[in-house]
There are 4 protein chains.
Amino acid sequence: MSTETTNMRTVAIRKSPRQKRSQEKVERILDEARLILTEQGLEQLTTNHIARRSGMSIGSIYQYFPNKQSILNELYLRWLKGVRDVVVGFDTDETNGRNFYEVAAELLPAIFQAELHSELDSRFQDELKKGMALYPELTEIEQEHGDIIVSTLSSLLYRVGVHIDDETRHHLAYFLYMQSDCLEAMLIDTNCSPEQAFTWFNQAIHGVMQNYLPDHDE
Amino acid sequence: MSTETTNMRTVAIRKSPRQKRSQEKVERILDEARLILTEQGLEQLTTNHIARRSGMSIGSIYQYFPNKQSILNELYLRWLKGVRDVVVGFDTDETNGRNFYEVAAELLPAIFQAELHSELDSRFQDELKKGMALYPELTEIEQEHGDIIVSTLSSLLYRVGVHIDDETRHHLAYFLYMQSDCLEAMLIDTNCSPEQAFTWFNQAIHGVMQNYLPDHDE
Amino acid sequence: MSTETTNMRTVAIRKSPRQKRSQEKVERILDEARLILTEQGLEQLTTNHIARRSGMSIGSIYQYFPNKQSILNELYLRWLKGVRDVVVGFDTDETNGRNFYEVAAELLPAIFQAELHSELDSRFQDELKKGMALYPELTEIEQEHGDIIVSTLSSLLYRVGVHIDDETRHHLAYFLYMQSDCLEAMLIDTNCSPEQAFTWFNQAIHGVMQNYLPDHDE
Amino acid sequence: MSTETTNMRTVAIRKSPRQKRSQEKVERILDEARLILTEQGLEQLTTNHIARRSGMSIGSIYQYFPNKQSILNELYLRWLKGVRDVVVGFDTDETNGRNFYEVAAELLPAIFQAELHSELDSRFQDELKKGMALYPELTEIEQEHGDIIVSTLSSLLYRVGVHIDDETRHHLAYFLYMQSDCLEAMLIDTNCSPEQAFTWFNQAIHGVMQNYLPDHDE
DNA sequence: GATGAATGAGATTTCATTCAT
DNA sequence: AATGAATGAAATCTCATTCAT
């Protein structure tokens with residue numbers, strides 16, 4: 001009965017919440033779950049707890065979500081979507097031929113903002129990641145998400161003039177994705193000034209990218 | 001009831017195991033716990049399970065560890081110590097005045113090797129991360145660990161000639177620490193060749209460090 | 001707290017469904033319940049399930065039945081009625097003075113046929129028995145049913161000439177009822193040929209009845 | 001998710017109760033379960049209920065039985081064993097060549113006594129049978145049991161001189177098994193005198209068996 | 001010191017039934 | 001009459017921890 005063999009459960013939201021009332025309830029559940037995660041951590045995220053705090057009955061929770069994990073799932077999906085939308089938003093013809101460093105200078109802060117609206121969200125994100133460790137399904141979701149991000153970044157690289165073989169470009173995109181992750185960690189975990197951080201990461205990225213870009217610098 | 005204050009339990013090992021027998025028991029418990037974690041996952045890591053597999057009684061476990069969490073704690077501490085030792089091992093007078101890039105070229109692979117000895121260890125590490133999801137104390141341990149690593153790297157930076165103000169050097173050390181993390185993720189998650197990855201990360205590090213290092217390159 | 005007094009709930013059908021529409025709804029509920037029982041088993045027989053499948057609201061179900069149990073009750077009553085009707089159908093003046101063995105030779109197969117119309121019904125019957133396991137009231141219904149059958153058989157015995165004291169005749173009727181049960185079990189559980197089974201049971205019945213019947217055989 | 005597909009669970013007793021203490025606990029649990037079944041019926045047989053009534057903690061129940069069903073299982077197994085032992089006890093060379101009716105006259109009351117020690121046991125038996133309807137595993141147990149009984153009876157028939165083909169003799173054994181069941185039902189459900197009942201069933205059996213037995217009667 | 005039986009809080013989930021709309 | 005969202009009691013089972021022996 002190792003984790004790998006956990007039988008796949010349905011984790012989709014139960015009712016397609018067309019009606020406003022239903023939608024509100026779903027939101028209330030998710031909001032409360034997010035608050036518990038942020039304030040008390042994953043261990044305290046029990047179904048009873050969510051019900052009590054959101055002023056609903058435990059039965060109501062199960063009217064909207066088939067099981068506890070699906071709540072975590074939904075939170076995670078929404079979280080990732082925010083980030084993905086930002087990146088995908090840049091993947092248009094308008095980016096074609098633009099200067100990479102300019103695009104990066106816009107993209108990085110945008111991603112950063114999408115991920116972290118507030119300090120609270122950083123705790124929330126941590127707890128979500130913990131949830132990922134526990135529920136393999138969440139990891140799958142993240143992998144898909146990561147694939148999309150990296151593919152999009154790869155496409156972006158092409159648009160700004162990186163015309164190398166697909167595989168290397170893909171790896172390069174992954175490298176950049178990682179850098180944005182690191183930047184985020186640095187801003188969260190240390191009191192380093194954003195300017196300093198941005199400068200360093202730009203230099204780091206520049207150190208690699210200068211070999212792949214046309215000579216915009218001159 | 002924020003997580004930090006939730007459990008103020010004692011998680012240190014119970015008896016300073018001076019006697020050889022005691023020490024052996026502690027090791028047996030930890031070994032068995034590691035095996036269960038690696039072979040069967042965190043879900044199967046129950047105190048009863050550990051007791052049965054290690055041929056001891058459940059009561060004996062509690063003679064040496066105040067609670068289950070402290071076992072995970074100890075495992076995690078030892079794991080981190082391995083990595084830390086590598087870094088700290090470079091923090092000697094012998095490093096004074098050495099070329100940074102040379103040191104980095106030795107340090108990065110060493111860290112990488114310390115973290116992942118084998119495939120088994122990667123499973124073990126995953127399960128430890130799950131443990132972190134459930135026991136906030138483990139997260140604290142990791143933070144302390146990170147602090148030590150970063151401090152040591154900062155000290156290393158000084159030794160190789162980065163004589164800037166302490167805070168900035170500390171941040172710079174953090175930046176380097178993150179880069180080693182990224183490198184690891186890249187090698188695990190993609191099929192990028194190690195050479196390629198090492199090249200990129202060296203270039204990235206170089207992009208930043210060249211501004212802080214004396215001109216060794218010439 | 002003996003079982004008999006545990007639930008003194010109303011289990012009768014709620015409204016005397018004079019109106020055609022109401023009657024139709026009652027039938028729809030019962031039909032759907034029977035289908036669920038046959039196709040999916042007692043575990044899936046939930047009020048929500050019945051409501052969804054019959055295209056009605058859960059509230060409507062409770063308009064026509066005071067509780068879930070009363071639905072099972074009604075199904076069971078109808079089922080038993082089928083068998084009872086067969087037996088009662090023989091309890092008319094036309095049977096007066098007929099040869100017992102002739103009557104028995106008609107009655108036994110008729111009962112058998114009434115109980116088991118098809119394979120589906122055997123599943124349905126099984127699931128009803130599960131229901132009996134959970135709802136003691138169903139057992140009471142079966143007892144009443146048995147009483148009626150036995151009384152009717154007793155009356156039949158009188159009609160064919162068994163003019164012994166009432167109590168003994170009642171017991172004799174019970175004996176015959178049991179024999180039909182055994183015959184059924186034998187035909188279901190073994191691959192014994194119906195002819196063989198009928199022969200044996202006729203011989204068994206004959207062994208007892210010959211002492212109570214006028215000498216038709218000669 | 002019909003009953004048939006219920007995944008087979010372990011239903012064996014958990015600890016081989018070598019120690020006296022353990023054995024006593026197992027007995028206490030089973031005794032209390034039997035009492036609940038007899039006094040309150042299958043619906044009231046919950047794990048919490050058993051724990052409370054037996055003055056043990058719910059955890060203790062699960063120390064000795066892996067799940068609720070296994071308790072019912074054990075009760076059923078023990079019950080059946082009593083009956084089986086009686087029948088099998090007759091299946092020795094000493095029975096060879098004995099008069100069938102004599103053997104039957106000893107066997108039937110013996111079976112009857114083994115099944116029903118008291119009035120209470122009849123209710124207990126009823127509830128066990130209900131349990132059978134709910135838990136398919138119990139049905140399997142009963143089928144095996146029935147097979148053993150019938151095979152043994154078939155062997156007995158051979159010993160007393162019924163030398164017909166195996167299949168028919170097997171069916172005949174089944175017929176006799178059913179008759180003992182009926183007799184039991186009659187004595188439980190009606191106030192018919194045991195003498196009367198035994199007489200009838202002997203006559204019934206005689207009606208069939210006279211065709212298969214050597215002429216002991218003369 | 002060692003044992004392991006006993007404990008019981010607590011987690012997830014179901015589903016009959018109610019009642020405001 | 002009809003609806004179906006809301007309720008919450010109740011059921012099964014786990015497992016960290018204690019403590020009498």
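- In this structure, A:Y62 places its OH atom 18 Å from P of F:dA5, rounding to the nearest Å.
- In this structure, A:R78 pairs ionically with A:E27, as a charged nitrogen and a carboxylate oxygen lie closer than 4.0 Å.
- Between D:G55 and B:S60, it is B:S60 whose nearest contact on DNA chain E lies nearer the 5' terminus.
- Between C:I58 and D:G59, the residue anchored nearer the 5' end of DNA chain E, judged by the nucleotide with its closest heavy atom, is D:G59.
- Across all strands shown, E:dG8 forms a Watson-Crick or G-U wobble pair with F:dC15, both key distances being under 3.5 Å.
- Annotation: of the two residues near DNA chain F, A:M56 and A:N48, the 5′-most nearest-nucleotide partner is A:M56.
- Taking atom CD1 of D:I29 as the reference point, atom P of F:dC13 lies 14 Å away to the nearest angstrom.
- Under the 3.5 Å distance criterion, the side-chain polar atoms of D:S57 are matched with a main-chain donor or acceptor of D:S60.
- Remark: the backbone N or O of C:L42 is paired with a side-chain donor or acceptor of C:E127 at under 3.5 angstrom.
- Rounded to an integer number of Å, the gap from CD of A:Q44 to P of E:dT12 is 11 Å.
- F:dT17 atom C1' lies 14 Å from atom CD of B:Q69, rounded to whole Å.
- Note on B:T46: only backbone sugar-phosphate atoms sit closer than 4.0 angstrom, heavy atoms only; bases stay farther off.
- Nearest to the side chain of C:S57, among F:dG4, F:dC13, F:dA5, sits F:dG4.
- In terms of phosphate contacts, D:T47 brings a side-chain nitrogen or oxygen within less than 4.0 Å of OP1 or OP2 of F:dT12.
- When rounded to the nearest whole Å, the span between CG of A:N67 and P of E:dA11 equals 17 Å.
- For the OP1/OP2 pair of E:dA2 and a distance below 4.0 Å, the side-chain nitrogens and oxygens of B:Q63 include at least one atom meeting the criterion.
- A distance-only check finds no donor-acceptor pair linking the side chain of C:R34 to the backbone of C:F124 [under 3.5 Å].
- Here D:Y64 reaches the OP1 or OP2 of E:dA6: one of its side-chain N or O atoms lies under 4.0 Å away.
- The NZ-C1' distance, from B:K68 to F:dC15, rounds to 8 Å in whole Å.
- Under the 3.5 Å distance criterion, with hydrogens and angles disregarded, a donor-acceptor pair is assigned to the side chains of D:Q40 and D:R53.
- Here E:dA5 presents its P atom at 15 Å from CZ of D:R28, a figure rounded to the nearest Å.
- Nucleotide F:dA20 forms a pair with E:dT3, judged by Watson-Crick or G-U wobble geometry with both contacts under 3.5 Å.
- For the pair C:K25 and F:dA1, the criterion of a side-chain N or O lying under 4.0 Å from OP1 or OP2 is not met.
- Rounded to a whole Å, the CD1 atom of B:I61 is 10 Å from the P atom of E:dT3.
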